[in-house]
Amino acid sequence: GPKVLQIPSHQIIDMGQMVTLNCDPVSNHLYFYWYKQILGQQMEFLVNFYNGKVMEKSKLFKDQFSVERPDGSYFTLKIQPTALEDSAVYFCASSLGTGVNYAEQFFGPGTRLTVL
Amino acid sequence: QQKVQQSPESLIVPEGGMASLNCTFSDRNSQYFWWYRQHSGEGPKALMSIFSNGDKKEGRFTAHLNKASLYVSLHIKDSQPSDSALYFCAVMPNYNVLYFGSGTKLTVEP
């Protein structure tokens, strides 16, 4: 089936540094999402993105977070600067559209981010 | 904000048995409901969706939705060891954002 890839699978960085998480969504999908999962807790929506713009974001999407997809390449989540509470697994997802027949979100395997 | 709660936290069923997973949600205006399955080391993968009250069957899997009771469930018939995974209920109020429950860990014992 359609696959979403995420690079890297693990990232360890020092608090205060910048990190970029990369997502290669399904090729013909138009909507892109980031979700955050802290160990042992439920997965929570961060942001969605369409046509070069953030459509909706949650309160977890702090000012230090940004997303972009320059020239149809990777869909990225950048955190600058990082904080200890940013340690989590970040899942990227994509969907073809938002109508009832197109809304299924396909998830990548996640990037485990550890902030020291 | 949408609250999604799942029960039980973990479930052990024998191979060939029936697994029943439960989910409640808080927003009566929610329209779309999904069940996702996640195997260790992988991202969640959609199992099935349900949009109308009643039952929806896909192979060994049956989802049930009762919007008035704010309740959705998943039943897995003839459970197989390969069904062992983390199962998430997810509510999609507006086609765009998924609100996940905390998951049910299913173990099917041979």
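Numbers restart at 1 for each chain; the letters A, B, ... are given by sequence-line order, proteins then strands. Since the model is a prediction, treat every value here as computed from it, not as a measurement.
- Here the shortest heavy-atom pairing between B:Gly43 and A:Phe91 reads CA-CE2, 3.8 Å.
- Within a 6.0 Å radius of CZ in B:Phe51, more than 12 heavy atoms belonging to other residues, nucleotides or ligands are found.
- Aromatic pair A:Phe45/B:Phe100: centroids not less than 6.0 angstrom apart.
- Note on A:Phe65: it does not cluster hydrophobically with B:Val97, by side-chain heavy-atom contacts below 4.5 Å among ILVMFWY residues.
- Judged by distance alone, the side chain of A:Tyr35 and the main-chain N or O of B:Leu98 form a donor-acceptor pair under 3.5 Å.
- A:Arg112 CZ: 12 or fewer foreign heavy atoms inside a 6.0 Å radius.
- For the pair A:Pro109 and B:Gly41, the tightest heavy-atom approach, listed with the atom from each and the gap, is CB-O, 4.1 Å.
- The choice from B:Gly103, B:Gly101, B:Ala90 that makes the most heavy-atom pairs within less than 4.5 Å of chain A is B:Gly101.
- Atom CD of B:Gln80 has more than 12 neighbouring heavy atoms from other residues, nucleotides or ligands inside a 6.0 Å radius.
- In this structure, chain B has no heavy atom under 4.5 Å from any part of A:Gln6.
- Heavy atoms closer than 4.5 Å to chain B are found in the side chain of A:Glu56, but not in its backbone.
- When the shell of 6.0 Å around NZ of B:Lys45 is examined, it contains 12 or fewer heavy atoms from other residues, nucleotides or ligands.
- Taking a 6.0 Å sphere around OH of A:Tyr74, one finds it holds 12 or fewer heavy atoms contributed by other residues, nucleotides or ligands.
- In the hydrophobic clustering of ILVMFWY residues, with side-chain heavy atoms under 4.5 Å counting as a link, A:Tyr33 and A:Leu96 come out apart.
- Heavy atoms closer than 4.5 Å to chain B are found nowhere in A:Lys57, neither backbone nor side chain.
- For the atom pair CD of A:Glu104 and OH of B:Tyr32, the computed distance is 15.0 Å after rounding to the nearest 0.5 Å.
- No more than 12 heavy-atom neighbours from other residues, nucleotides or ligands sit within 6.0 angstrom of CE on A:Met15.
- No side-chain heavy atom of B:Trp34 sits less than 4.5 Å from a side-chain heavy atom of A:Gln105.
- Put simply, CD on B:Gln6 and CD on A:Gln42 are 8.0 Å apart, with the number rounded to the nearest 0.5 Å.
- Only the side chain of B:Gln38 comes within contact range of chain A, with heavy atoms under 4.5 Å apart.
- Within 6.0 Å of CG on A:Leu84 lie more than 12 heavy atoms contributed by other residues, nucleotides or ligands.
- Distance CG/A:Asn48 to CG/B:Asn96: 4.5 Å, rounded to 0.5 Å.
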